[in-house]
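To find a chain, count down the sequence lines: A is the first, B the second, and so on, and within it residues start at 1. Computed over heavy atoms, backbone and side chain alike; hydrogens, waters and symmetry mates excluded.
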Amino acid sequence: MRLESDHRTGRKEYRRLLRRAKIMADYNHRETEKYWQQFWDDHDTYKPETQTDKPKYYVLDMFPYPSGAGLHVGHPLGYIASDIVARYKRLKGYNVLHPMGFDSFGLPAEQYAIQTGQHPAITTEQNRERYIEQLKNIGFSFDWTREVRTSDPNYYKWTQWIFMELFRSWYNKDTDRAEPIETLLDKFARNGTTDANAVCDEDAPTFTAAEWNAMSARESYEITLKYRLTYLADAVVNWCPALGTVLANDEVKDGVSERGGYPVEQKLMRQWMMRITAYADRLLTGLDTIDWTESLKEQQRNWIGKSVGASVKFPILEKEQEVGKGYNPSSPSSLSSPSSFIEVFTTRVDTIYGVTFMVLAPEHELVSQLTTPEQREAVEAYVSAAKMRSERDRMADTKAVSGVFTGSYCINPLNNEKVPIYLADYVLAGYGTGAVMAVPSGDQRDWNFATHFGLPIIPILDAQKDIDQQADNTKEGRYINSGIIDGMTYQQATPALIDWLEGGGLGRGKINYRMRDAVFSRQRYWGEPVPVYFKDGLPYLIDESDLPLELPAIDKYLPTETGEPPLGRAEDWKYKGQSDGSRYEYELSTMPGWAGSSWYWYRYMDPNNDAAFASKDAINYWQNVDLYIGGTEHATGHLLYSRFWNKFMKDRGYVPQEEPFKKLINQGMIQGRSNFVYRVKGTGTESIAPVLVSLNQINEREVTPLHVDVNIVENDVLDIEAFKVSRPDLTENAEFIVESDGRYVVGTEVEKMSKSKFNVVNPDMIVEKYGADVLRLYEMFLGPLEQAKPWNTNGIDGVYRFIRKFWRLFYKDNVDGTSTWIVTDDELTPAELKILHKTIQKAESDIEAYSFNTSVSSFMICVNELATLNCHKRAILQDLVLILSPYAPHITEELWAALGNEAGSISKAQFPTFNPAYLVEDAFEYPIQINGKVRTTISFAIDRAPTEIEREVLADEIVQKWLDGKSPKKVVVVPKRIVNVVI
RNA sequence: GCCGGGAUGGCGGAAUCGGUAGACGCGAUGGUCUCAAACACCAUUGUCUGCAAGGACAUGCCGGUUCGAGUCCGGCUCCCGGUACCA
């Protein structure tokens, strides 16, 4: 545009044109960013090389669930960090795999389908497209040609295939790995169960080879089901009778369904399970080999919850039996059947003489047998009340003591004492044996229970203190009241007791895990169908050639009238038997959300393979994930299941690495920052117009806070006009009481980011206004990656200014609206080199430490200092462009080309080399402390001897003043750090 | 309840090994430029006290170790994540 100050054009108009022209000449992020995004797409810039000598580097993000609300500013936080690492590693000479995809099965899509009748595949696809568009706008260096979607039949074919492999495998404790089921059958045929050291169901029978070989096909098949790594068992679910469906824990609030508010009860249902407990020990020890944060490893360790203890059998006292009258607890007859004793697991077998009662979970299988007629009514009431409480409520509630006596007794095998049997809901059926031997002197919960029910509290260690006030769980001192261990120490007592118990067949040393086998069925539609059909009541795998078993169409996404899962609605959905043409019922449950995400990092290696989940070549090249970034909320779910499947696949020879994710970083959650306007109470009714008062003008007024859209608020000041337009319901005829400067100041609160709180900030608006580079820099600048923080755009202008200041190192705006390239080839000064190399060093060490916020600030310092020095020299700026490029890929790609390099080639360049020679200092400014407080600073040469420093410091005028004639007690000189004079 | 994490100016945060608390940025205040605004630039900005030089206080709270503690130890408070069917 040509501009002339023409006499016919008024001065005002001229300036208006000038202003427009100036904006145009300034850096235009919209055009530039679009241009390079298109360029990268067109040139497959970020596809890894296939023929290369470069080392590989695999950077992975936890893939998102494509929700209807679209990508919000919290999602990109981790993606930006991983993208910076990916781009940095390319500059460092690695062949980088950096893919993205979608975890596209899940409850919200199904919930939406229930409400609208829309097939979840359709809404999921719409959401996916929106996510991709939003992700592309941010300039990530993903190789989109490798995108995976867990709900795509070409993907879930392999999820189903892995399920089948698990079904076809058992865990051999001798080799400590999973093996094909055939090796187990082989052992059975040769030696029966004697040398089959397997992880299996508790009720798996023992048999000889002859017995095995004589079994019918059905019998032996039934037995193998007890060994497979995926198997059917009863598990507790949230059953809502009114909705006729199983609910997720998320859908249950305060014991009633979130939808409708109907009562929810705990119900046992037949479910597919995963034998993850077989891997408990390897999941534990594997943690020592991977570079994850200690806190995350600790969470997994606690989740697995290995405890070393003993299991002990307490014989049940038959009604007619009397203790001491010919009763022999260790006689074989008293322990002959599983219903003749109660088995407990304890980590403190040494406290067994302190047992004064037994507590069973209300779900314990012996409850009805143990309940005496007099107690039946009370027990039944207690059991049904417990059914209404979730496991978490039961664990959390430690204040209220509740329980009920069954009327029966068992025998403490050590001292033949009669022990009353109670039920209490703090004992969980799923942990240990669902029974606890209660030692009130040593366990606080048992102590509370004993006190409440008036049961005796027996001291067992002479070191126990104040046990009439509270339990004392000490292991110190010597045992008292303790029969065979009287006088022993803890270290002596435990082995002595275990020996005694083992000798009598009454117990044994045992390792117990808190972790339970994982429930793998969901009574849902939008998940992978389980590739199983039922014949005569037994499950069989479908033929591998029939994979993928695709989701059938159904009319409604609800359970059937008879309470079967939604797949029961599918018409004519039956498995066609092999030869005889008969048809069989499919499994009607689907897989849980974590199925598809437990192996997806392998699919990215070779996403379009039809013959395998990924080719051997691809897996052998990429091995495992070098850096994985995602939220801590996955600590014990996804990250544990993924490690489990990975170990299984390694055992079966499909993958080479024991652990899938070498290094893991958790990004903190971005919370919403809600804004509020305040309506004076009593206004805004039908007859009274609303009065809306600014935060600092509320004073004595009674007000109701109302959420206001954060997108019409800037620096906590409301755009009143925009508010009126967007919310006429709240603002019709409204009176606004504003601050003295005319502004309306809103209130704020940190909450979860959600549509209903009007606090969702969408990255697209930021990208449009400030550009993707600014969004990327700003999200990193916000604070440490791993820390949770509320989203707040208050500081984004600073980053925006930084980008323009950076641009002005290259271009100067002219008065006529054009701009001039001002980069020179002048020689560099030591000061400039020092600034540059300080920044190179900082950028490199920060990126290696994943401290992205501090490197952004070092870039700001660098640009500020270069601007102050008026430095526009090519040799400095070219390196600066390179080190900034992982953070701000668009503007740097533009400037890289402007500097005369090949377009689009910055990601193939080399990261500048740091040279420490430029940073050498010859003096250090010592802070001088008097009694730990800095009073002055004095500069000394780097190599100055501490004794000389001490002498000069003491001679210093200010130090003399503080000494006030006294001589110092002590002088601490730490070279290149500090001097402290103690008076 | 249990497990894990966190708390530093008006705000986001920095201080990497126990060594100058508050880098960098936002906001605010004053100024330059402008008819005006925006942009840009300059200066000030933890609190209290003092004319000033300076001094006192200060990293959620209480106590300890140390020449020296935001950092290490003991005891609390509050907030966040997970708690087995949200992903």
What interatomic distance, in whole Å, is found between C1' of B/rC48 and the corresponding atom of B/rG9?
14 Å
B/rG9 glycosidic conformation (syn if within 90° of 0, otherwise anti) is syn
When both distances are under 3.5 Å in a Watson-Crick or G-U wobble arrangement, the nucleotide paired with B/rU59 is none
Taking the basic N atoms (NZ, or NE/NH1/NH2) and the acidic carboxylate oxygens, is any pair closer than 4.0 Å for A/Lys976 and A/Glu925? no
A/Asn238 has its side chain closest, among B/rA15, B/rC85, B/rA40, to B/rC85
task = Look at all strands and tell whether A/Val246 reaches a base, only sugar-phosphate, or nothing, counting heavy atoms closer than 4.0 Å.
result = base
Of B/rC41, B/rG27, B/rA87, the nucleotide closest to the side chain of A/Asp103 is B/rA87
_I'd like to know if A/Arg389 and A/Asp393 make a salt bridge, using a cut-off of under 4.0 Å between side-chain N and carboxylate O._
no
Roughly how far apart, to the nearest Å, are B/rC26 and B/rG13 at atom C1'? 11 Å
Per atom distances to the A/Arg514 side chain, the nearest of B/rC67, B/rA14, B/rA84 is B/rA84
- Message: With a 3.5 Å cut-off and heavy atoms only, can you find an N or O donor on one side and an acceptor on the other between the side chain of A/Lys933 and the base of B/rU20?
- Response: no
Sticking with atom P, work out how far B/rG12 lies from B/rG27, rounded to a whole angstrom.
15 Å
The Watson-Crick or G-U wobble partner of B/rA28, with both key distances under 3.5 Å, is B/rU44
message = If we count only N and O atoms by modelled type, under 3.5 Å, do the side chains of A/Lys805 and A/Asn864 hold a donor and an acceptor together?
response = yes
Mate of B/rA14 across any strand shown (Watson-Crick or G-U wobble, both atom pairs under 3.5 Å) is none
Taken to the nearest whole Å, NZ/A/Lys812 to C1'/B/rC41 is 15 Å
B/rC72 and B/rA7, which share atom name P, separated by this distance in whole Å
11 Å
Re B/rU77: Watson-Crick or G-U wobble partner, both distances kept under 3.5 Å, found to be B/rA7
Across the strands shown, which category fits A/Trp303 at heavy-atom distances under 4.0 angstrom: base, sugar-phosphate, nothing?
-> base
Identify whether any heavy atom of A/Asn931 sits under 4.0 Å from a base atom; if not, whether one sits that close to sugar-phosphate; answer base, sugar-phosphate or nothing. nothing
When A/Val982 and A/Gln929 are each assigned the nearest nucleotide of RNA chain B, the 5'-most assignment goes to A/Gln929
Here the distance between atom P of B/rG5 and atom CG of A/Asn302, to the nearest Å, is 10 Å
**Prompt:** Side-chain donor or acceptor of A/Glu251 under 3.5 Å from a matching atom on the base of B/rC86?
**Reply:** no
A/Asp846 atom CG is separated from B/rA14 atom P, nearest whole Å, by 11 Å
Using a 4.0 Å heavy-atom cut-off across all strands, classify A/Met515 as base, sugar-phosphate, or nothing. base
In whole angstroms, the gap separating P of B/rA14 from CE of A/Met780 amounts to 13 Å
Quick note, A/Asn249 side chain, CB onward, closest among B/rG25, B/rC85, B/rG13 is B/rC85
**Asked** Rounding to the closest angstrom, what is the interatomic distance between B/rG68 and B/rU20 at atom C1'?
**Response** 12 Å
I'd like to know if A/Lys970 pairs up with A/Glu950 as an ion pair, taking the criterion as any Lys NZ or Arg NE/NH1/NH2 lying under 4.0 Å from an Asp or Glu carboxylate oxygen.
no
Which part of the nucleic acid, if any, lies within reach of A/Val972 when heavy atoms closer than 4.0 Å are counted: base, sugar-phosphate only, or nothing? base
Does a side-chain N or O of A/Arg522 approach OP1 or OP2 of B/rC85 to a distance below 4.0 Å, or not? yes
Any donor-acceptor pair under 3.5 Å joining the side chain of A/Asn794 to the base of B/rC26? no
What does A/Val799 touch in the nucleic acid at a heavy-atom separation under 4.0 angstrom: a base, only the sugar-phosphate, or nothing? nothing
Contact class for A/Phe781 (heavy atom, under 4.0 Å): base, sugar-phosphate, or nothing?
base
Quick note, A/Arg977 side chain, CB onward, closest among B/rG27, B/rG81, B/rC17 is B/rC17
Check: Does one side chain, of A/Ser851 or A/Thr854, offer a donor that lies under 3.5 Å from an acceptor on the other?
Finding: yes
| message | Pairing donors with acceptors under 3.5 angstrom, does anything connect the side chains of A/Asn238 and A/Asn249? | response | yes
**Request:** Please work out if A/His634 contacts a base, only the sugar-phosphate, or nothing of the nucleic acid, heavy-atom cut-off 4.0 Å.
**Result:** base
Assert: residue with more 5' nearest nucleotide on RNA chain B, out of A/Gly106 and A/Tyr778, is A/Tyr778
B/rU83 -> Watson-Crick or G-U wobble partner, both distances under 3.5 Å, gives B/rG1
- Query: Looking only at side-chain N and O atoms, does A/Arg801 come under 4.0 Å of OP1 or OP2 in B/rC24?
  - Reply: no
#### Entry: Carboxylate-amine/guanidinium contact A/Arg524 A/Glu251, below 4.0 Å
yes
A/Tyr131 atom OH is separated from B/rA87 atom P, nearest whole Å, by 13 Å
When both distances are under 3.5 Å in a Watson-Crick or G-U wobble arrangement, the nucleotide paired with B/rG50 is none
Base orientation of B/rC72, chi within 90° of 0 counted as syn, else anti, reads anti
Could you tell me how the ring of A/His75 sits relative to the ring of A/Tyr131: parallel (under 30°), tilted (30 to 60°) or perpendicular (over 60°)? perpendicular
Over all strands shown, is A/Glu298 touching base, sugar-phosphate only, or nothing at heavy-atom distances under 4.0 angstrom? sugar-phosphate
To the nearest angstrom, the CD1-P distance between A/Ile670 and B/rG13 comes to 10 Å
Quick one: are A/Val953 and A/Val971 in side-chain contact, heavy atoms under 4.5 Å?
no
Atom CD1 of A/Ile978 and atom P of B/rU66 are separated, to the nearest Å, by 19 Å
Among B/rG82, B/rC85, B/rA23, the one nearest any side-chain atom of A/Ser857 is B/rA23
- prompt: When all nucleic acid strands are considered with a 4.0 Å heavy-atom cut-off, which category describes A/Arg935: base, sugar-phosphate, or nothing?
  reply: sugar-phosphate
- Query: Say you pick atom P in B/rG46 and the same atom in B/rC11; how far apart are they, in whole Å?
  - Reply: 13 Å
Mind checking if A/Pro784 touches a base, just sugar-phosphate, or nothing, with heavy atoms under 4.0 Å? sugar-phosphate
Partner of B/rU34 under the Watson-Crick or G-U wobble criteria, both distances under 3.5 Å, comes out as none
(request) Indicate, with a heavy-atom threshold strictly under 4.0 Å, whether A/Trp292 touches base, sugar-phosphate, or nothing. (result) nothing
Scanning all shown strands, the Watson-Crick or wobble mate of B/rA69 with both distances under 3.5 Å is none
| C1' spacing across the pair B/rG64 / B/rA69, given as an integer number of angstrom | 11 Å
Taken to the nearest whole Å, CZ/A/Phe859 to C1'/B/rA23 is 16 Å
**Prompt:** Base, sugar-phosphate, or nothing: which does A/Gln271 touch, judged by heavy atoms less than 4.0 Å apart?
**Reply:** base
Quiz prompt | Sugar-phosphate, base or nothing in reach of A/Lys976, heavy atoms under 4.0 Å | solution = nothing
- Message: Taking B/rU77 as the reference, what is the distance to B/rC41 when you measure between their C1' atoms (whole Å, please)?
- Response: 47 Å
Next item on the list: Could you verify whether a donor N or O on one side chain and an acceptor N or O on the other, from A/Gln960 and A/Asp956, lie under 3.5 Å apart?
Entry: no
Closest to the side chain of A/Arg804, out of B/rC39, B/rG68, B/rA87, is B/rC39
